[in-house]
Amino acid sequence: MDESNRASSYLDEPANSRLFLVTSKSITEETIREHFTAFGEIQDIRVVKDKQTKESKGVSFVKFAKSSQACTAMEEMHGACLAEGTKPIKVFIAQSRSSGSHRDVEDEELTRIFVMIPKSFSEDDLKDTFKVYGDIEQAIIIRNKSTGESKGLGYVRFHKPSQAAKAIENCDKTFRAILAEPRTKTASTDSEYFSNPRTEHSGNDPGANSYTFGEYLSSSYATGDTWSSDVITRCLLVSSRVAVTQEQIRGLFDLIPGIDFCEMQRDQHGFSKGQVLVRYNNLGSAVYAKEKLNGFEYPPGNRLSLTYIDDGEDRTSPVGKMAMQLVAAQMMSMVWNGPSGAQLMKTSAGYTAAPVPQKARVQTDVSLPPLRKLVASDSVVKERLFVIFNPSPLPVDVLEDVFCRFGSLMEVYLVPGRNVGYIKYADRKPAHDAIALLHGKVINGIKMKVMLADPPKEESHKRQRTY
DNA sequence: CGACGGGACGC
DNA sequence: CGACGGGACGC
């Protein structure tokens, strides 16, 4: 960001800290400063002038350090007379420079705050908490319409914008107070951006998240799309658009037994070409790897592309019914050979077919317990895990799939932009079982460190974190 | 090494 | 009535 951008963008922060003044053209910056300086820290005053004549257009902007200062100044100075014989001034909160709109900002938009509160809070608790910032016109708690249970969210309407601004600036951070969007226009569309719909779990149906081997086999066998256009070899070329190491690819493809070698392709200068050559000692493993890992996201968001490659010594026998049956037999045996064999399909092997075939999303050589239901999100957190991912975090749905299996999983939270996350349980045992089984293990090619989380850092003594 | 977010109202 | 720089063509 260059100097001019930095200089102009600060004018919009914090929100609603800049005033828009309409005055007589004779009113100067000095006069404005005299009358507004008592309300707070003035950071900038701009009197809009005609480019040629340099005469004031009767419009000025006053930037304060805080929104509450700007609001108080607006409330006190709107309609005031700054000099003898001049018209009363009008004072509004300025639209942000990026908004494009020049509509007046109404008090309606500045007097109501939106807060997160304990579910135990009543309307009176809400009023008692926020009345120190000013007269409260109304306090409302959002409740489930059928049960009447609080959703832990509420609105507080003050009489004056400065009161709402003070509440936002000074209340306990755990309330996460913000200005409420006006009620008239339909519920905010950007809530979608923040919402994190919980993945549905089917609890007692352990096969629901995977597709069964039998189903996979019959469907691909029937459509023939597995081998219709490819020459099958034991050798696969793995292409990745993001940097991966040979070791990472090795770890992934090692989940299928029978790997001969795994070799990063490099140019004459030794630079990676983003491709890794993998060879298995049998056709079945290569076919299986191609089926299961082609298009697989590793790291998440990056789809690996796999193609059979002729390594010069591995010509496939004529493709025909016999060859397909041979390959099929090898694949079947891999799956049903139990824990000693590949466990790519372990969650589905032996279970009845899911109604709709679905890509298995969890691939690991760890023996996982069956899926369990997640517990209600308003349960009390008894234990929290801290998980470190290498090289990159697993998707939340995959983590829920894995970490729910020990019982009483409440929530998975990934720290944005970091390779770490938190797992919340309503009981201690599932958390400790998860550590015992998963610490140091690899899921979908991602290595995890799983440990107990340190308690959240204490920010306030007024209120417990709601988790 | 690797640490803390979410959130919307019966017009 | 009373909106702030300069300067421009996309999925």
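Just so we're on the same page: letters track the sequence lines, and every chain starts at 1. Values in this document were obtained by computation on a predicted structure and should not be read as measured data. FYI, side chains are in, hydrogens and waters are out, and symmetry mates aren't considered; it's all heavy atoms of this structure.
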Looking for any heavy atom pair under 4.0 Å, which part of the strands does A/Val115 touch: base, sugar-phosphate only, or nothing?
-> base

Scan A/Ile140 against the nucleic acid and name what it touches under 4.0 Å (heavy atoms): base, sugar-phosphate only, or nothing.
-> nothing

Looking at every strand, decide which applies to A/Arg157 at a 4.0 Å heavy-atom threshold: base, sugar-phosphate, or nothing.
-> nothing

B/dG6: syn or anti, per glycosidic angle within 90° of 0 | anti

Considering only B/dC9, B/dG7, C/dA3, which nucleotide approaches the side chain of A/Gln95 most closely?
-> C/dA3

Identify which nucleotide among C/dC4, B/dC9, B/dA3 has an atom closest to any side-chain atom of A/Tyr422, counting heavy atoms from C-beta outward.
-> B/dA3

B/dA3 phosphate, OP1 or OP2: any side-chain N/O from A/Arg418 under 4.0 angstrom?
-> yes

Rounded to whole angstroms, how far apart are OH on A/Tyr10 and P on C/dG5?
-> 13 Å

Can you find a donor-acceptor N/O pair under 3.5 angstrom joining the side chain of A/Glu411 to the base of B/dG5?
-> yes

Residue mapping more 5' on DNA chain B - nearest nucleotide basis, A/Phe114 or A/Arg143 = A/Phe114

Distance-only side-chain donor-acceptor flag, A/Asp124 / A/Ser122, under 3.5 Å | no

Do A/Arg18 and A/Glu13 sit within salt-bridge range, that is, some charged N less than 4.0 Å from a carboxylate O?
-> no

Starting from P on C/dC4, measure out to CD on A/Glu29 and report it in whole angstrom.
-> 17 Å

With centres under 5.5 Å and planes under 30°, do A/Phe386 and B/dA3 count as stacked?
-> yes

Assign A/Asp454 to base, sugar-phosphate, or nothing according to its heavy-atom contacts below 4.0 angstrom with the strands shown.
-> base

At under 4.0 Å between heavy atoms, what does A/Ile178 touch on the DNA or RNA strands: base, sugar-phosphate, or nothing?
-> base

May I have the distance from A/Ile32 (atom CD1) to C/dA3 (atom P), rounded to whole angstrom?
-> 15 Å

Nearest to the side chain of A/Val420 - B/dG6, B/dG2, C/dG2?
-> B/dG2

Could you tell me whether the side chains of A/Glu383 and A/His432 share a donor-acceptor contact shorter than 3.5 Å?
-> yes

Considering only B/dG2, C/dG2, B/dG5, which nucleotide approaches the side chain of A/Asp104 most closely?
-> C/dG2

C/dG6, C/dA3, B/dA8: which one has an atom nearest the side-chain heavy atoms of A/Phe61?
-> C/dA3

Return the nearest nucleotide to the side chain of A/Glu181; candidates are B/dG6, C/dA3, B/dC9.
-> B/dC9

Does a side-chain N or O from A/Arg46 land closer than 4.0 Å to OP1 or OP2 of C/dG5, or not?
-> yes

Nucleic acid contacts of residues 81-93 of chain A, taken as heavy-atom distances under 4.0 Å to DNA chain C | A/Lys87, A/Lys90, A/Phe92

Mind checking A/Val415 for me? I need base, sugar-phosphate or nothing, with any heavy atom below 4.0 Å counting as a touch.
-> sugar-phosphate

Here the distance between atom C1' of C/dG2 and atom CZ of A/Arg18, to the nearest Å, is 14 Å

Distance test, side-chain N/O of A/Arg183 to OP1/OP2 of B/dC11, below 4.0 Å | yes

Relative to the 5' end of DNA chain C, which residue comes earlier, A/Val22 or A/Lys49, by the nucleotide with the nearest heavy atom?
-> A/Val22

Find which nucleotide of DNA chain B each of A/Lys145 and A/Ala453 is nearest to by heavy atoms, and output the residue with the more 5' nucleotide.
-> A/Ala453

Taking ring pair (Phe, Tyr, Trp, His ring centres under 6.0 Å) as the test, write out the residues that go with A/Tyr425, two or more places apart.
-> none

Winner on side-chain proximity to A/Lys424, out of C/dC4, B/dG5, B/dC9, is B/dG5

Kindly confirm whether the side-chain ring of A/Tyr413 is stacked on the base of B/dG5, judged by centres under 5.5 Å and planes under 30°.
-> yes

Residues A/Glu123, A/Arg143: salt bridge by 4.0 Å N-O rule | yes

Answer yes when A/Lys429 and A/Asp433 have at least one side-chain N-carboxylate O distance shorter than 4.0 Å, and no when they do not.
-> yes

So, are A/Asp135 and A/Lys131 salt-bridged, with charged N and O less than 4.0 Å apart?
-> no

Salt-bridge criterion met for A/Arg157 and A/Glu108 (N-O under 4.0 Å) = yes

Answer yes when A/Asp44 and A/Lys63 have at least one side-chain N-carboxylate O distance shorter than 4.0 Å, and no when they do not.
-> no

